[in-house]
Enquirer: 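Sending over a structure as structure tokens; questions will come in a sec.
Side-chain atoms are counted along with the backbone in the values below, which use heavy atoms only and exclude waters and symmetry mates.
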Amino acid sequence: MLKMSTLFLRTLRDDPADAEVASHRLLVRAGYIRRIAAGIYSWLPLGVLTLRNIENVVRQEMDQAGFQEVHFPALLPREAYEITHRWKEYGPSLFRLQDRKGGDYLLGPTHEEMFTLMVKSEYSSYKDLPLSIYQIQTKYRDEARPRSGIIRGREFVMKDSYSFDFDDAGLEESYQKHRDAYISCFNRLGMKYNIVKAVAGAMGGSKSEEFLAPCATGEDTYVLCPACGYAANVEAMQTKVAPGNAQGVPAMEELDTPHTPTIDSLVAVMNANFGGGYTASDTLKNIMLVADGKAISVLVPGDREVDLKRLQENLSGVHELRVFEEADFAQYPALVKGYIGPQDALKSGITLYADPRVAPGTSWISGANKKDRHARFVLNGRDFIPDAYVEAAEVRTGDSCPECGTDVIIDRAIEIGHIFQLGRKYSQALNLTVLDSNGKSQTVTMGSYGIGVSRAVAAIAEQTCDELGLNWPKELAPAKVHIVATGKDDLPFDTALKLGSDLEAMGISVMLDDRRDASAGVKFKDAELIGNPIIVVVGRGLVDGNVEVRIRATGVKNDVALTQATSSIAALLS
RNA sequence: CGGGGCGUAGCGUAGUGGCUAGCGCGCCUGCUUUGGGAGCAGGAGACCGGGAGUUCGAAUCUCCCCGCCCCGACCA
């Protein structure tokens with residue numbers, strides 16, 4: 001039984017000055033966590049209990065699915081990460097250090113390499129597969145900007161699993177098993193979440209989905225279709241646009257459009273001099289970018305910005321993407337800044353990408369590649385032909401769902417899980433093979449699957465808290481029942497202690513506020529702040545043989561006969 | 001890394017050149033109180049983020065450094 005008289009806990013009456021988001025404020029105020037450095041937190045007893053509860057739900061669901069728990073060190077030698085090039089590619093986000101002999105080490109940000117090597121050292125036959133193993137472990141990433149308390153830290157607890165299969169069908173099956181296990185896990189954690197299509201991105205591999213907990217303070221943006229349930233990360237959102245009707249589009253016509261280097265100025269001149277009714281969406285924006293040192297050209301409708309992150313994710317294999325600077329324009333004198341059009345792209349030799357919204361058969365107003373000149377009736381398929389189509393334009397609320405055409409909404413969320421089909425990227429690099437039934441070596445295919453365990457503490461706090469404080473689902477709370485003894489006589493304190501013992505004997509965890517010197521008001525405030533699901537007040541009702549049972553989440557209060565208290569509480573918790 | 005804000009006791013803060021750095025919460029002692037963050041009295045607790053400088057005099061002004069928060073870039 002957790003007794004408040006001795007519990008290592010100090011709640012704060014004021015919000016800490018360095019906390020802004022609700023989960024951070026409340027976890028600090030209620031005495032769950034304390035900041036040590038940017039993105040690095042200590043856990044006090046209440047925090048540890050909650051974290052362990054979440055860990056245990058995750059662990060049970062993993063074990064239930066047949067995955068086996070292992071454990072790796074956080075402190076790792078450089079070698080394996082050198083082979084997969086991540087020692088370099090991970091860049092400044094990797095915590096690196098040296099031992100006394102000058103050997104390079106790192107604090108593991110994720111463990112694909114180590115898991116792959118572990119399987120390699122134990123297994124060598126197709127008969128050993130499939131295999132899924134996992135760990136719950138502390139990860140280290142030197143984030144450029146840790147934020148929102150425990151939501152994005154530099155040290156955090158993650159459950160990471162890895163699946164090993166003989167072939168693609170096996171990988172698909174392991175992936176689905178993980179997906180199902182994640183669904184039951186997050187359901188049990190009492191979270192609201194969406195499963196969202198994601199781009200595999202830097203991890204390589206093909207298929208990837210994120211589990212996103214909707215939350216205004218979340219840092220991920222995703223697209224949701226209210227009609228069919230289609231959900232995608234904004235990077236992964238697909239644009240479906242019908243081809244334009246090229247029939248009857250007049251010949252391309254060059255126009256005199258002085259002083260129109262921007263879309264707004266161009267639309268104004270078009271409406272003034274070349275007939276009305278033009279809007280930015282009739283124009284074509286031709287953005288010059290540098291992708292890993294190579295100039296590329298991207299077409300998007302004039303009323304949309306290029307979403308660099310989205311573009312980069314969809315240009316597979318591009319590590320660095322930036323917009324043209326003056327120096328880049330200097331290298332391409334044929335490009336007239338502000339008046340670039342795709343008509344001469346072939347001549348320039350620069351790869352021309354088009355957003356799907358710039359569909360075949362659509363015609364546009366674009367730059368004419370001459371200062372103060374534009375062209376209209378510039379037809380895709382006749383006047384220019386993109387080398388490739390790529391998702392580049394920003395996604396907006398009201399865009400069409402690629403599945404059903406309904407207007408999508410855009411929402412924010414916290415990423416609490418991510419599942420990947422990695423394929424053979426790591427097994428190939430580290431040479432993880434097994435013998436097939438013909439005695440031939442075959443490269444194993446892998447998946448990786450993560451749950452942000454410490455982040456889930458914050459995400460659940462965000463989703464469940466109210467103006468009074470935290471408000472945990474019963475399986476996660478530090479204790480299921482929070483008993484408050486009030487008054488100055490011994491009776492309520494003795495009764496409360498007895499009630500607590502009875503509940504614990506029934507397997508119900510109890511926190512008992514047995515402080516003799518704290519006023520009732522303080523105890524009520526603390527109970528609400530700490531957020532255990534059931535609060536029982538043992539005090540003045542005792543003269544009638546009653547205790548008061550409150551539901552933290554709803555605020556509902558009921559007097560219950562002391563003799564019925566344990567059974568009534570047990571019923572509430574079942 | 002760019003932009004903005006901030007750093008005074010465990011927490012929240014006042015103090016913008018001049019007495020011993022003030023207040024609230026929390027903490028300690030005593031008395032009173034005990035169903036919504038109690039009252040009175042007494043007390044402990046601060047190298048005012050660090051360093052250098054300006055000045056008769058610096059929490060306060062100047063420079064450098066460190067740290068923290070927010071927005072952006074970045075983020076398996």
Side-chain angles (χ1 to χ4, degrees), chain A residues 9-21 24-25 28-29 31 34-40 81 84 86 89-94 108-113 115 139-149 151-154 156 158 160-162 198-205 208 210 217 219-220 235 308-309 312-313 319-323 415 417-420 422 425-426 446-452 455 468-469 484-489 492-493 513 515-529 535 537-543 547-548 550 555 557 559:
Chain A
L9 168 72
R10 190 101 306 154
T11 58
L12 304 176
R13 197 175 289 218
D14 300 306
D15 282 334
D18 62 358
E20 205 139 302
V21 304
H24 187 197
R25 279 189 290 114
V28 172
R29 266 192 66 203
R34 293 287 182 259
R35 193 181 61 74
I36 295 297
I40 302 178
Y81 288 77
T84 54
R86 287 212 286 189
E89 283 176 6
Y90 224 102
S93 297
L94 192 63
T110 175
H111 281 71
E112 280 77 8
E113 285 84 351
F115 272 79
K139 306 289 188 199
Y140 297 86
R141 293 181 196 174
D142 193 1
E143 295 285 348
R145 182 151 93 84
R147 74 185 96 177
S148 309
I151 292 177
R152 174 171 294 280
R154 295 192 293 170
F156 56 97
M158 176 161 132
D160 49 327
S161 323
Y162 304 85
V199 183
M203 286 294 291
S208 157
E210 292 172 350
T217 51
E219 50 183 352
D220 285 37
E235 286 82 53
L308 278 180
K309 193 174 170 187
Q312 182 172 351
E313 293 284 355
H319 290 104
E320 197 207 339
L321 186 67
R322 61 174 177 83
V323 295
E415 180 185 344
H418 201 159
I419 54 178
F420 284 94
L422 286 177
K425 175 175 174 178
Y426 292 91
M446 294 171 54
S448 84
Y449 316 88
I451 290 178
R455 177 181 282 182
L468 297 174
V484 175
T486 66
K488 52 186 169 183
D489 305 321
F493 288 85
D513 199 338
R515 291 175 293 179
R516 301 296 290 244
D517 52 352
S519 71
V522 168
K523 295 179 183 178
F524 294 153
K525 291 286 185 198
D526 274 347
E528 283 148 354
L529 178 62
I535 299 168
V537 184
V538 181
R540 65 182 181 195
L542 276 184
V543 295
V547 297
E548 187 180 286
R550 304 179 178 179
K557 309 175 183 181
D559 282 338

Enquirer: Under 4.0 Å between any heavy atoms, over every strand shown, what does Arg322(A) touch: base, sugar-phosphate, or nothing? Just pick one.
Expert: nothing
Enquirer: Would you indicate which nucleotide in rG12(B), rC75(B), rG36(B) comes nearest to any side-chain atom of Glu143(A)?
Expert: rC75(B)
Enquirer: To the nearest 0.5 Å, what is the distance between CD (Glu313(A)) and CG (Leu308(A))?
Expert: 11.5 Å
Enquirer: Which nucleotide in the list rG12(B), rC71(B), rG35(B) gets nearest to the side chain of Arg147(A)?
Expert: rC71(B)
Enquirer: Report the residue (Glu415(A) or Leu542(A)) whose heavy-atom-nearest nucleotide on RNA chain B is the more 5′ of the two.
Expert: Leu542(A)
Enquirer: With respect to the side chain of Asp18(A), which nucleotide from rG36(B), rG26(B), rC69(B) is positioned closest?
Expert: rC69(B)
Enquirer: Among rG35(B), rG12(B), rG26(B), which nucleotide has an atom closest to any side-chain atom of Thr486(A)?
Expert: rG35(B)
Enquirer: Counting only side-chain heavy atoms from C-beta out, which of rC11(B), rU34(B), rG36(B) sits nearest to Lys488(A)?
Expert: rU34(B)
Enquirer: Taking for each residue the nucleotide of RNA chain B with the nearest heavy atom, is it Ser93(A) or Gly39(A) whose nucleotide lies nearer the 5' end?
Expert: Gly39(A)
Enquirer: Mind checking the CD-CZ spacing from Glu415(A) to Arg152(A)? Nearest 0.5 Å is all I need.
Expert: 8.0 Å
Enquirer: Between rC68(B), rA38(B), rC74(B), which nucleotide gets closest to the side-chain atoms of Ala144(A)?
Expert: rC74(B)
Enquirer: Using whole Å, report how far CD1 of Ile36(A) lies from P of rC69(B).
Expert: 12 Å
Enquirer: Where the side chain of Val537(A) is concerned, which of rG35(B), rC70(B), rG12(B) is the nearest nucleotide?
Expert: rG35(B)
Enquirer: With a 3.5 angstrom cut-off on both distances, give the Watson-Crick or G-U wobble partner of rG42(B), or none if there isn't one.
Expert: rC28(B)
Enquirer: Between Asp513(A) and Arg515(A) (salt bridge meaning N to carboxylate O under 4.0 Å), is one present in this structure?
Expert: yes
Enquirer: Among rU34(B), rC68(B), rC70(B), which nucleotide has an atom closest to any side-chain atom of Arg35(A)?
Expert: rC68(B)
Enquirer: I want to verify a distance call: between rG35(B), rG12(B), rC69(B), whose nearest atom is closest to the Ala38(A) side chain?
Expert: rC69(B)
Enquirer: Give the nucleotide from the list rC11(B), rA38(B), rC75(B) with an atom nearest to the side chain of Leu12(A).
Expert: rC11(B)
